[in-house]
Amino acid sequence: MTDEYLVGDEQFLTEAASTGRRPTRDERDSRRALGERAADAGHGLRLPVSEHLAAAPAI
């Protein structure tokens, strides 16, 4: 999996973790679109979820 499918995730997750705000419609839509592109390219959910969970303590 390349970073192209994770664009903007770090910023959004950092803001959400520090403020508790929910994602905007645009943020949800963009994450959904990137997820669909990753799935079309043959990437499953396990790797990006694992990467996000591994990065969580650093946020």
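Just so we're clear, the structure is a prediction, and the values are computed from it rather than from any experiment. Residue numbers start at 1 and run along the sequence shown.
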Undergrad: Would a distance-only check, ignoring hydrogens and angles, find a side-chain to backbone donor-acceptor pair under 3.5 Å from R28 to P23?
TA: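 Between the backbone of P23 and the side chain of R28 there is a qualifying donor-acceptor contact (under 3.5 Å).
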
Undergrad: Restricting to non-hydrogen atoms, name the atom on E15 and the atom on R21 that form the minimum distance, rounded to 0.1 Å.
TA: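 Looking at all heavy atoms of both residues, the shortest contact is OE1-NH2, 2.8 Å.
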
Undergrad: Below 4.0 angstrom, N of the basic side chain to O of the carboxylate: do E36 and R31 qualify?
TA: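 Looking at R31 together with E36, the answer is no, because their closest N to O distance does not fall below 4.0 Å.
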
Undergrad: Salt bridge check: are D40 and R37 linked by an N-O gap of less than 4.0 Å?
TA: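 Between R37 and D40 there is no salt bridge, as every charged N stays at least 4.0 Å from the carboxylate O atoms.
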
